[in-house]
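Here the structure comes first, spelled out in structure tokens, and everything after it is commentary.
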Amino acid sequence: QVQLVESGGGSVQAGGSLRLSCATSGNTNPRYCMGWFRQAPGQEREGVALKWSDGTEFYVDSVKFRFTIAHDNAANALTLQMNSLKPEDTAMYYCAAAPHPTCTWDRTGFPYWGQGTQVTVSS
């Protein structure tokens, strides 16, 4: 089993920044693919950023050049640095792990999920 716990959410004004962290524990494996997803009220959960075990990164178009996914090896955590935040970034953000070195945006490929952390961006 893998346990994921997100933190770092909050309320900011448009143009501000937040850094989300996802602490990992349990049967973690450096060859797992990790990702950040988000879900706004009344909308489906969507992928935001993926990081393959070889370091390859993917971003949804709406966050490219504003968000950065990274591993914090010292803290055994996955992070998401979010800059130039917009009101449309408001959502619950979830960390997820897939027991494979690569993954896609398909949520069914991620058996492990955190409880989520809320991000609210005001205009």
Side-chain angles (χ1 to χ4, degrees):
Q1 279 288 352
V2 173
Q3 291 80 46
L4 306 173
V5 180
E6 302 95 335
S7 62
S11 297
V12 296
Q13 290 191 328
S17 298
L18 283 174
R19 183 176 183 266
L20 306 183
S21 183
C22 172
T24 63
S25 61
N27 189 23
T28 56
N29 187 317
R31 288 183 56 78
Y32 279 20
C33 182
M34 303 290 294
W36 285 98
F37 291 74
R38 66 186 179 186
Q39 187 168 17
Q43 298 186 20
E44 288 194 1
R45 193 170 299 188
E46 66 168 351
V48 175
L50 300 176
K51 194 170 185 68
W52 289 3
S53 63
D54 68 355
T56 303
E57 299 174 3
F58 300 92
Y59 299 91
V60 67
D61 285 348
S62 60
V63 308
K64 279 182 180 177
F65 311 115
R66 298 190 298 123
F67 291 11
T68 303
I69 188 172
H71 281 126
D72 182 343
N73 293 324
N76 200 24
L78 180 76
T79 63
L80 184 69
Q81 178 66 43
M82 305 186 296
N83 298 326
S84 302
L85 283 161
K86 304 176 181 180
E88 50 264 44
D89 294 319
T90 295
M92 185 72 79
Y93 282 71
Y94 298 90
C95 171
H100 307 287
T102 65
C103 55
T104 69
W105 299 113
D106 184 356
R107 299 192 306 272
T108 64
F110 291 85
Y112 307 112
W113 292 84
Q115 83 290 347
T117 185
Q118 178 68 37
V119 172
T120 303
V121 185
S122 58
S123 57

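Just so you know, residue 1 is the first one in the sequence shown, and it goes up from there. Worth knowing before you read on, the calculation uses all heavy atoms, side chains too, and leaves out hydrogens, waters and symmetry mates.
In the hydrophobic clustering of this structure, F110 groups with W105; members are Ile, Leu, Val, Met, Phe, Trp, Tyr whose side-chain heavy atoms approach within less than 4.5 Å, directly or through other members.
Between S84 and R66, the closest heavy-atom pair is O-NH1, 2.9 Å. Residues T90 and V121 share a closest heavy-atom pair of OG1-N, 2.9 Å. A pairwise comparison of heavy atoms in L4 and V2 identifies CD2-CG1, 3.8 Å as the closest pair. When all heavy atoms of L20 and Y93 are compared, the closest pair comes out as CD1-CB, 3.6 Å. The shortest non-hydrogen separation linking G109 to P99 is O-CD, 4.4 Å. Residues A98 and P111 approach most closely at CA-CD, 4.1 Å, considering heavy atoms.
Contact check for M82 versus V119: side-chain heavy atoms found under the 4.5 Å cut-off. Contact annotation: the side chain of E44 approaches that of R107 to within less than 4.5 Å [non-hydrogen atoms, C-beta and beyond].
A donor atom on one side chain and an acceptor atom on the other are found under 3.5 Å apart for D54 and T56. The closest side-chain donor-acceptor pair between D72 and T79, if any, does not fall under 3.5 angstrom.
In this structure, the separation between OG on S122 and CG on L85 is 10.5 Å, given to the nearest 0.5 Å. Interatomic distance, OG1 of T120 versus CE of M92, reported as 9.0 Å (0.5 Å rounding). To the nearest 0.5 Å, atoms SG (C95) and CE (M34) are separated by 4.0 Å. Here the NZ-SG distance, from K51 to C33, works out to 10.0 Å after rounding to the nearest 0.5 Å. From Q118, atom CD reaches atom OG of S11 across 7.5 Å, with rounding to the nearest 0.5 Å. Summarising the geometry, atom NZ belonging to K86 is positioned 13.5 Å from atom OG belonging to S123; distances are rounded to the nearest 0.5 Å.
Under the side-chain contact (heavy atoms from CB on, under 4.5 Å) test applied with Y94, the options R45, R38, Q115 reduce to a single match, R45.
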Do L50 and W36 pass the side-chain contact (heavy atoms from CB on, under 4.5 Å) test, and can you show the C-alpha distance, the side-chain angles, and the key distance before you say yes or no? CA-CA 7 Å; L50 300 176; W36 285 98; over 6 Å; no
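Remark: the backbone N or O of F67 is not paired with any side-chain donor or acceptor of Q81 at under 3.5 angstrom.
Taking the six-membered ring for Trp and the full ring otherwise, the centers of F37 and W113 sit less than 6.0 Å from each other. Ring centers of W52 and F58: under 6.0 Å apart, within the cut-off.
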